[in-house]
Protein chains: 2
Amino acid sequence: MSGTTRTFQEYLKANRLKLTSQRKLILDIFVSGSQLLTAEELFRQVTEIDPGISLSTVYRTFKHLQQAGLARCVHYGDGTTRYEPSEGHTSYLICEKCGRKIPILNPYLECLQQESARQEGFRMFRSQTTIFGLCHECLKEHLPNQKQSNRHH
Amino acid sequence: MSGTTRTFQEYLKANRLKLTSQRKLILDIFVSGSQLLTAEELFRQVTEIDPGISLSTVYRTFKHLQQAGLARCVHYGDGTTRYEPSEGHTSYLICEKCGRKIPILNPYLECLQQESARQEGFRMFRSQTTIFGLCHECLKEHLPNQKQSNRHH
DNA sequence: TGTGAAATGCGTCTGTTTCTCATTTTCGCA
DNA sequence: TGCGAAAATGAGAAACAGACGCATTTCACA
Ligand SMILES: [Mn+2]
Ligand SMILES: [Mn+2]
Ligand SMILES: [Zn+2]
Ligand SMILES: [Zn+2]
């Protein structure tokens, strides 16, 4: 039994919630799959295995996973909301041209955040740092294009 | 004429857009008011002065303000999207219970972010750090009352 | 002032998330 | 084991934020 499964079961028990087959399956697919799924996308993957599961249940389970600290959602600029397992990174570089999302590995960032919170008497649950800009690859294409886009419209 | 007004006019001119009375009013109220308004909330404030303005126009103007770099939107945990003037801080503590928003003043955070971007060959335009948790005041009320949740709707 | 481009208001439409409720499932306990 | 209360489910409706289409008005510029 994986760590996340145990965590989820503990959360359920602590809140007098029940472990259903649907919740098991949703958790399984969520933590094992690639990250940053739309609720709809996870729903599609889940129904491939159990076609009876409803989208409502996916949303409801997401809520619990979030409260259990196992999932977090990221709101994208395009309006979509994507969910990801909340182990791992919370800091990213996001390229505004190609959408590439690069995790930031600098551990000092988290330390400084903890420290900032502490200074205010604040209890930190989670943090999120997003740095917007242009990635290495897009920078190379961006600069030559600059002249053309100046004369636009 | 304020700096933001000038910036907005320059943006408009550069994009062959027009300065309408609606846009003037929306910008005015937005930059002068307290921060972190919902589109709906700004709409209400705006219609107190000019009842003819439509919600669509508020949304449309927000888009332009964002593109002009004068506004930014923050997605809250409760699902609402709030807009704020983008001058000043980009790092905040946000209390998930009372919604209080506390600017983080630590300059090392920005330095570290710049550094992280540089390491990836990334060109940073702007960054945003959000730390979710409980503020000092809510912590005092929270602990006795463990079973609190759902600031929803 | 006249003219074309752009913006507005208002209604409609879309996609996402939540809610309602009748039915089914879970789980602690006898 | 089987019971019963509590909780979860699926299906659909409802709520909600935003975006859109279009007829009409307003703006910018000459
Ligand atoms: Mn946004
Ligand atoms: Mn969220
Ligand atoms: Zn890129
Ligand atoms: Zn608070």
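Note that the coordinates shown come from a computational prediction; the quantities given were computed from them, not determined experimentally. Naming: A, B, ... by sequence-line order, numbering from 1 per chain.
Between A:Leu55 atom CG and D:dT9 atom P there is a gap of 13 Å when expressed in whole angstrom units. Protein atom CG of A:Leu25 is 15 Å distant from nucleotide atom C1' of D:dG10, rounded to whole Å. If you take CD of A:Glu41 and P of C:dG15, they are 15 Å apart, rounded to a whole angstrom. Distance CG (A:Leu17) to C1' (C:dT25): 14 Å, rounded to an integer number of Å. Summarising the geometry, the separation between CD on A:Gln66 and C1' on C:dT17 is reported as 12 Å, rounded to the nearest angstrom. Spacing between atom CZ of B:Phe62 and atom C1' of D:dG18 amounts to 13 Å, rounded to whole angstrom units. Spacing between atom CG of A:Leu12 and atom C1' of D:dT9 amounts to 15 Å, rounded to whole angstrom units. A straight line from CG of B:Leu37 to P of D:dA17 spans 15 Å, rounded to a whole angstrom.
Using a 4.0 Å heavy-atom cutoff across all strands shown, A:Thr57 reaches sugar-phosphate atoms only and no base atom. When heavy atoms are screened at a 4.0 angstrom cut-off, A:Arg60 is found touching base atoms of the nucleic acid. Backbone-only contact: A:Ile53 has heavy atoms under 4.0 Å from sugar-phosphate atoms and none from a base. Residue-level contact check: B:Thr20 touches the backbone only, with heavy atoms under 4.0 Å from sugar-phosphate atoms and none from bases.
Ion pairing between B:Glu10 and B:Lys13 fails under the 4.0 Å rule for side-chain N and carboxylate O.
Judged by distance alone, the side chain of B:Ser2 and the main-chain N or O of B:Thr5 form a donor-acceptor pair under 3.5 Å.
Sequence order on DNA chain C of the closest nucleotides to B:Asp50 and A:Gln22 puts B:Asp50 first from the 5' end. Nearest-nucleotide positions on DNA chain D for A:Lys18 and B:Glu40 put A:Lys18 closer to the 5' end. Map A:Lys13 and B:His64 each onto its nearest nucleotide of DNA chain C; the residue landing nearer the 5' end is B:His64.
Among D:dA19, C:dA7, C:dT17, the nucleotide with an atom closest to any side-chain atom of B:Arg23 is C:dA7. Taking only side-chain atoms of B:Ser56, from C-beta outward, the nucleotide of D:dC27, D:dC20, D:dG18 with the closest atom is D:dC20.
In this model, the phosphate group of C:dT17 is not approached by any side-chain N or O of A:Lys63 to a distance below 4.0 Å at OP1 or OP2. Proximity of A:Tyr59 to the phosphate of C:dT18: no side-chain N or O atom is located under 4.0 Å from OP1 or OP2.
Between A:Phe30 and A:Phe62, the ring-plane angle classifies as perpendicular under the 30° and 60° cut-offs.
Under 3.5 Å, the side chains of B:Ser127 and B:Gln113 contain a donor-acceptor pair of N or O atoms.
Here the OG1 atom belonging to A:Thr47 is positioned 9.0 Å from the CG atom belonging to A:Leu42, to the nearest 0.5 angstrom.
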